[in-house]
Number of protein chains: 2
Amino acid sequence: MKAAPEREVDRSVSQTVKAQLALRDQILSGSLRPGERISELQAVETTGASRTPVRMALVRLEEEGLLEAIPSGGFMVKAFSERDISDSIELRGTLEGLAARFAAERGVSARELEPLKECLAAIDELLRQVPISVDAFSSYVTLNARFHALLTELSRSPPLIRQIDRASALPFASPSGFVMAQSALPEAQQILIIGQEHHRVVIDAIENREGARAEAVMREHARLAVRNLRLALRNRTHLDLLPALARISSAATE
Amino acid sequence: MKAAPEREVDRSVSQTVKAQLALRDQILSGSLRPGERISELQAVETTGASRTPVRMALVRLEEEGLLEAIPSGGFMVKAFSERDISDSIELRGTLEGLAARFAAERGVSARELEPLKECLAAIDELLRQVPISVDAFSSYVTLNARFHALLTELSRSPPLIRQIDRASALPFASPSGFVMAQSALPEAQQILIIGQEHHRVVIDAIENREGARAEAVMREHARLAVRNLRLALRNRTHLDLLPALARISSAATE
DNA sequence: TGAATACCTGATGTATACAGTAACTGGGAC
DNA sequence: GTCCCAGTTACTGTATACATCAGGTATTCA
């Protein structure tokens, strides 16, 4: 029973992971700007790791989709248009739809659905209070992520789970990527309520083995995230919650 | 104007890529067996590259889905069940369906459809001969891959194109992964003809901006590959064309 | 004054040396 | 005979040194 599980990070976590997390933070916080070449030596200084783990982290971040390889060598921060992001969300929705259909078609025991229903109830509880507090929004993000993860697992398809995980790795494409960004807007509550209805329907569809319905509702569910994205971009006041978004050029939409 | 563009591979291609190709070959040819831990030092000997590029290649192959990270460190060859493979194919079909829908909904100019139609005509030409020669099968694989690549491009969605590429990276999930494996079977011709019909329909659907139709036909198209997989596994005589498949345990299907 | 070339600086790609840790084997004790 | 512990071995993760190449700048010539 080892003590200090918090500060042990410095030793137990590998340098590679440390560098990866640090660099991802730098990218998402906007310290590194899109199109900018990432200098390995600079990364070595800011992350504290050596060149080898830094290179490792860069390769992983490229696979993750945050970086782009430069033909002559090295990496640069990838730039995303609004269209890229909405397409990524639609893509995730399509994959989650497939997962829901698999779950419905292949059948799921009541025991497996239990945690999903608990999650559903917890979100219901959150939404009961009006207006919804900021804390509640934060809890919603956690519970929502959990719901989506559980639902994905229901497909019992490792390749699909893997792909959904990668599709959700991009923070703007993840299930609750823009929930916080619009927590102050009046439309926010309605969207959360509608989203919860989708959650309810998909569970019902899976229980009744209605594959097409389960798939369709998950696709529509993702489009809610696209709406959140639009809202967040139109009301740029709260972009400080996701600084990387501030650089998305709306002009690049079409 | 440099000479010897063939044997220049030794210098122009990076050690990392060389190692990656060599290791992938070893995995797919069956030299490295599923579940087996890959020793870096051993890989250094067989590939000729140093440890650094070998490690790089291992990370990339893991992201590609051929390897699995071992918690205590290192990598092992991933094992696939028949179900894993059919799910991967269904997954690719779903993504290609999305691409076709995007193309249909967003509109495609006649000029952009031109290369698709040329490809279609070339395959038609191939299928005219009965019975189809082995050479024709080989040409079919090339043209089919080209058709799928062009279709994917039509979506004009970089994130989607990227994901489809990754989904097709697994050789068993790629569009014509099992065409060769069943080239000697009598059902083969029929399947090729049906596949070509799908190609024809998806282009027609995109031209007429029928998104749902385009999507549906691409999904069905992928299921043809699942059928090919089943055929290939039932007639294990020709598994030598894809040695890695010989290790798929049919028992692990359910 | 402008363009081209040569040199130089800084980067990445590669190789290898070192440290820490996990797994395996051999021996001993119960 | 079996189980457990300790020692050893060999592997991975990390750091750093070296070579090669691309890009930029300065100088020179037209």
Side-chain angles (χ1 to χ4, degrees), chain A residues 1-2 4-5 7-24 26-27 31-63 66-78, chain B residues 1-2 4-5 7-24 26-27 31-63 66-78:
Chain A
M1 208 174 275
K2 294 178 183 177
R7 278 299 85 191
E8 202 174 89
V9 173
D10 292 336
R11 299 207 116 187
S12 71
V13 168
S14 71
Q15 295 294 89
T16 301
V17 173
K18 257 194 352 192
Q20 191 174 350
L21 292 175
L23 286 172
R24 181 158 38 200
Q26 287 179 32
I27 295 167
S31 308
L32 298 167
R33 282 181 297 193
E36 197 171 310
R37 185 196 202 107
I38 293 192
S39 160
E40 282 185 11
L41 293 178
Q42 191 181 323
V44 164
E45 286 178 13
T46 58
T47 63
S50 181
R51 267 193 70 203
T52 307
V54 163
R55 283 180 68 72
M56 217 79 155
L58 289 176
V59 171
R60 293 210 127 97
L61 288 171
E62 183 209 358
E63 305 287 344
L66 256 54
L67 297 182
E68 205 172 344
I70 299 174
S72 69
F75 300 94
M76 57 182 260
V77 180
K78 206 187 254 187
Chain B
M1 209 173 275
K2 293 178 183 177
R7 278 297 84 190
E8 203 175 87
V9 173
D10 292 336
R11 299 206 115 189
S12 70
V13 168
S14 71
Q15 295 294 89
T16 301
V17 173
K18 258 194 348 190
Q20 191 174 350
L21 292 176
L23 286 172
R24 180 157 39 197
Q26 287 181 31
I27 295 168
S31 307
L32 299 167
R33 281 182 299 194
E36 198 171 309
R37 187 196 202 109
I38 293 192
S39 161
E40 283 185 12
L41 293 179
Q42 189 180 325
V44 164
E45 283 178 16
T46 59
T47 64
S50 182
R51 268 194 68 205
T52 307
V54 163
R55 283 181 67 73
M56 217 78 156
L58 290 175
V59 171
R60 294 208 125 98
L61 288 171
E62 182 209 359
E63 305 287 343
L66 256 54
L67 298 181
E68 204 172 344
I70 301 174
S72 69
F75 300 94
M76 57 183 258
V77 180
K78 204 187 256 187

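The chains referred to below are lettered A, B, ... by the order of the sequence lines, with proteins before strands, and numbering in each begins at 1.
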Please determine whether side chain to side chain contact (heavy atoms under 4.5 Å, CB included) holds for the pair K18(B) and T47(B), giving the CA-CA distance in whole Å, both sets of side-chain angles, and the decisive distance to 0.1 Å. CA-CA 8 Å; K18(B) 258 194 348 190; T47(B) 64; over 6 Å; no
May I have the step-by-step check of side chain to side chain contact (heavy atoms under 4.5 Å, CB included) for V59(A) and M56(A), ending in yes or no? CA-CA 5 Å; V59(A) 171; M56(A) 217 79 155; 6.0 Å; no
Audit row: Q42(B), R37(B), side chain to side chain contact (heavy atoms under 4.5 Å, CB included) steps and yes/no: CA-CA 11 Å; Q42(B) 189 180 325; R37(B) 187 196 202 109; over 6 Å; no
How does each nucleotide of nucleotides 13-24 of chain D score, in 5' to 3' order, for protein heavy atoms under 4.0 Å: base (B), sugar-phosphate only (S), or none (-)? BBBBB-------
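Put simply, the side chain of L23(B) reaches to within 4.5 Å of the side chain of Q26(B), judged on heavy atoms. In this structure the side chain of L58(A) reaches within 4.5 angstrom of the side chain of L67(A), judged on heavy atoms.
Using a 4.0 Å heavy-atom distance criterion, L58(B) is classed as making no nucleic acid contact.
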